[in-house]
Protein chains: 2
Amino acid sequence: MMSQPKSKTLSDSEGPVPKAVVNRLSLYLRELHRLLRDGHQTTSSSHLGNLLGFTDAQVRKDLAYFGHFGYPGIGYRCQELIDAVRRILGTDRIWPVAMVGVGNLGRALLGYKGFGLQNFRIVAAFDVDPGRVGESIEGVPIYHLDKLTEVVRQQRIKLGMVVVPATAAQGVADKLVAAGVEGVVNFAPVTLVLPETVSLVGVDLAMELEQLSFAVVNRGETGSADE
Amino acid sequence: MMSQPKSKTLSDSEGPVPKAVVNRLSLYLRELHRLLRDGHQTTSSSHLGNLLGFTDAQVRKDLAYFGHFGYPGIGYRCQELIDAVRRILGTDRIWPVAMVGVGNLGRALLGYKGFGLQNFRIVAAFDVDPGRVGESIEGVPIYHLDKLTEVVRQQRIKLGMVVVPATAAQGVADKLVAAGVEGVVNFAPVTLVLPETVSLVGVDLAMELEQLSFAVVNRGETGSADE
DNA sequence: TAGATTGTTAATCGATTAACAATC
DNA sequence: TAGATTGTTAATCGATTAACAATC
């Protein structure tokens with residue numbers, strides 16, 4: 001049997017993990033999946049770094065926050081590192097997710113297969129439009145917003161996606177939090193204010209394009225707006 | 001007539017603008033629009049900072065990269081600063097955008113009103129599905145992928161959105177770049193490799209959820225995954 | 001004038017990188 | 001063994017914050 005790499009619990013460690021590190025962890029995971037699919041059994045910090053435009057030192061340092069996953073002289077075993085990173089990110093188990101707002105974008109997200117691959121399952125959607133409530137899209141039942149608290153509580157849903165118009169977003173987020181949600185992805189182009197016990201990620205599609213128009217107009221005068 | 005604030009061209013200035021600064025610029029702009037809508041004529045660095053969770057010093061420093069937009073003792077005039085930031089970001093003019101891939105997500109993005117508000121116009125969409133080509137969604141004509149080079153060249157499109165499956169994304173991005181596109185938003189969950197003269201922003205929906213699951217699992221041990 | 005707030009410099013903080021002993 | 005590569009420490013780099021003279 002093969003010796004397992006050591007991991008440390010985060011609480012052992014020295015201060016909080018920078019957000020940028022966790023972000024790169026997701027990128028490593030994505031790249032590792034691809035490597036494995038392409039037939040690589042192992043990789044190295046410099047290999048992984050080259051693929052993503054990072055230094056080898058950064059890759060090693062990032063991973064070292066969480067344990068000793070590599071083998072000196074060898075590198076990292078892809079499958080093993082995938083398992084480790086998934087455990088770190090918490091995606092080694094299934095996360096039920098609530099989505100609020102079943103407009104254009106909401107419906108598209110309900111059909112997005114990428115969530116499932118990382119163990120996220122949208123199990124309930126909410127809207128106020130009577131024409132939508134009661135329906136089921138992609139197998140996901142659509143409830144009236146009034147049922148949010150009940151459904152989220154009952155299913156112990158910890159993650160929510162806010163896909164409503166900007167004016168409704170804060171109210172919806174408050175409802176999610178009150179019902180027990182601890183992490184929110186906000187697709188509405190507004191700044192949400194939530195208790196600091198709740199994690200918040202904002203995706204503003206127009207903002208992404210703004211970053212590009214800036215870079216195009218100021219071509220050369222800025223560091224590349226890499227992924 | 002009111003005296004106009006001074007702006008400097010970026011080329012004057014001292015080294016490249018950090019990507020994080022440009023990102024915050026978009027957030028300032030969003031907040032300024034809201035303030036103006038709420039009837040505020042002026043604001044201040046500490047006001048703006050409080051709304052977004054930044055220090056006043058950071059707000060002033062960010063803006064100072066680009067010019068002198070404030071008035072000592074007064075603050076910033078909202079409308080004036082909005083105009084300035086839009087000029088800096090390049091969104092004071094209209095940007096035609098090409099979208100490739102008209103699946104679930106692509107169609108939703110075609111209907112998203114937020115782009116138009118920031119002067120982005122999706123003027124052409126592309127797909128390989130004969131069932132979709134020729135159709136028009138939200139007033140946007142859908143061409144066959146084979147027409148991409150021609151249409152992008154002819155309309156001098158500089159920005160593109162890649163909304164195809166992961167396996168097709170690199171090829172599509174290459175085509176966009178070959179046709180003259182200088183900025184790409186990639187919605188496919190893969191790392192794209194493009195010439196460094198091209199700006200690239202990646203939006204990976206599953207990755208956003210991963211950041212949240214990490215934060216929830218490690219509650220307390222990480223800086224909050226703020227917007 | 002007193003109070004408010006800017007733009008900017010210097011100090012602090014944190015994150016990235018280089019270097020290297022330890023390991024396979 | 002020689003070659004490769006890790007994990008970690010120290011050095012470097014860059015970004016954030018504090019402080020304050022200048023301005024309205």
Side-chain angles (χ1 to χ4, degrees), chain A residues 2-8 12-25 27-28 35 40-78 80-81 84 222-224 226, chain B residues 2-8 12-25 27-28 35 40-78 80-81 84 222-224 226:
Chain A
M2 212 169 268
S3 71
Q4 279 300 108
K6 272 160 213 153
S7 74
K8 49 184 168 190
D12 290 351
S13 98
E14 332 67 9
V17 179
K19 192 169 52 133
V21 171
V22 184
N23 213 76
R24 285 193 295 267
L25 234 42
L27 292 172
Y28 299 149
L35 286 171
H40 293 78
Q41 298 297 306
T42 66
T43 183
S44 67
S45 57
S46 50
H47 185 203
L48 210 41
N50 286 155
L51 290 170
L52 290 158
F54 306 145
T55 63
D56 57 331
Q58 176 140 80
V59 173
R60 290 198 299 279
K61 191 138 217 274
D62 285 346
L63 295 172
Y65 271 99
F66 306 98
H68 297 197
F69 304 112
Y71 301 88
I74 308 287
Y76 301 88
R77 302 198 214 284
C78 294
E80 212 170 79
L81 191 51
T222 269
S224 70
D226 258 323
Chain B
M2 210 170 267
S3 71
Q4 280 298 110
K6 275 161 209 151
S7 74
K8 49 184 169 190
D12 291 351
S13 100
E14 334 64 10
V17 179
K19 193 168 53 134
V21 171
V22 184
N23 213 75
R24 287 192 296 267
L25 235 42
L27 292 171
Y28 300 149
L35 287 171
H40 295 76
Q41 300 295 305
T42 66
T43 183
S44 67
S45 56
S46 50
H47 185 204
L48 210 41
N50 286 155
L51 291 170
L52 288 158
F54 307 143
T55 63
D56 57 331
Q58 176 140 80
V59 174
R60 291 198 299 280
K61 189 133 221 275
D62 285 348
L63 295 172
Y65 270 100
F66 305 99
H68 298 197
F69 305 111
Y71 301 87
I74 309 287
Y76 301 88
R77 301 196 215 285
C78 292
E80 212 168 80
L81 191 53
T222 270
S224 70
D226 257 326

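Lettering follows sequence order; numbering is per chain, from 1.
- Of all non-hydrogen atoms in B:Ser45 and B:Val59, the two that sit nearest each other are O-CG2, 3.7 Å.
- In this structure, C:dA10 forms a base pair with D:dT17, meeting either the Watson-Crick or the G-U wobble geometry with both donor-acceptor distances under 3.5 Å.
- Considering all non-hydrogen atoms of both residues, A:Leu63 and A:Phe69 come closest at O-CE1, 3.5 Å.
- Figure legend. D:dT5 is base-paired to C:dA22; pairs are counted as Watson-Crick or G-U wobble with both atom distances under 3.5 Å.
- Where A:Pro72 and A:Ala57 each meet DNA chain C at their nearest nucleotide, the meeting point lying more 5' is that of A:Ala57.
- Between the C1' atom of D:dT5 and the CZ atom of A:Phe69 lies a distance of 17 Å, rounded to the nearest Å.
- The distance from the CG atom of A:Asp62 to the CG atom of A:Asn23 is 10.5 Å, given to the nearest 0.5 Å.
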**OP:** Please lay out, stage by stage, how A:Phe54 and A:Leu27 fare under the test side chain to side chain contact (heavy atoms under 4.5 Å, CB included).
**Re:** CA-CA 11 Å; A:Phe54 306 145; A:Leu27 292 172; 4.0 Å; yes

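- Checking the phosphate oxygens (OP1, OP2) of C:dG7, no side-chain nitrogen or oxygen of B:Arg60 falls inside 4.0 Å.
- For A:Lys61, taking side-chain heavy atoms from C-beta onward, the closest of the listed nucleotides D:dT16, D:dT9, C:dG7 is D:dT9.
- Here D:dA15 presents its P atom at 15 Å from NZ of A:Lys19, a figure rounded to the nearest Å.
- In this structure, CD of A:Gln58 is placed 5 Å from P of C:dT16, rounded to the nearest angstrom.
- As a whole-Å value, the separation of A:Asp56 CG from D:dG7 C1' is 12 Å.
- If you measure from atom CZ of B:Phe54 to atom P of D:dT17, you get 10 Å, rounded to the nearest angstrom.
- Separating the OH atom of A:Tyr65 from the P atom of C:dG14 is a distance of 11 Å, rounded to the nearest angstrom.
- For the pair A:His68 NE2 and C:dA21 P, the computed distance is 19 Å after rounding to whole Å.
- If you take CG of B:Leu81 and P of C:dT5, they are 15 Å apart, rounded to a whole angstrom.
- The nearest pair of heavy atoms linking B:His47 to B:Thr43 is ND1-OG1, 2.8 Å.
- Taking the side chain of B:Thr55 as heavy atoms from C-beta on, and the options D:dG7, C:dG7, D:dT17, the nearest nucleotide is D:dT17.
- In terms of position on DNA chain D, the residue among B:Val21 and A:Ser44 whose nearest nucleotide sits closer to the 5' end is A:Ser44.
- Contact between the side-chain N/O atoms of A:Arg24 and the OP1/OP2 oxygens of C:dT16 is found at a separation under 4.0 Å.
- Phosphate proximity of D:dG7 to A:Tyr76: present, with a side-chain N or O under 4.0 Å from OP1 or OP2.
- At a threshold of 4.0 angstrom between heavy atoms, the contacts of B:Ser46 with the nucleic acid are absent.
- When distances are taken from the side chain of A:Ser45 to each of D:dA15, D:dT6, D:dG7, the shortest belongs to D:dT6.
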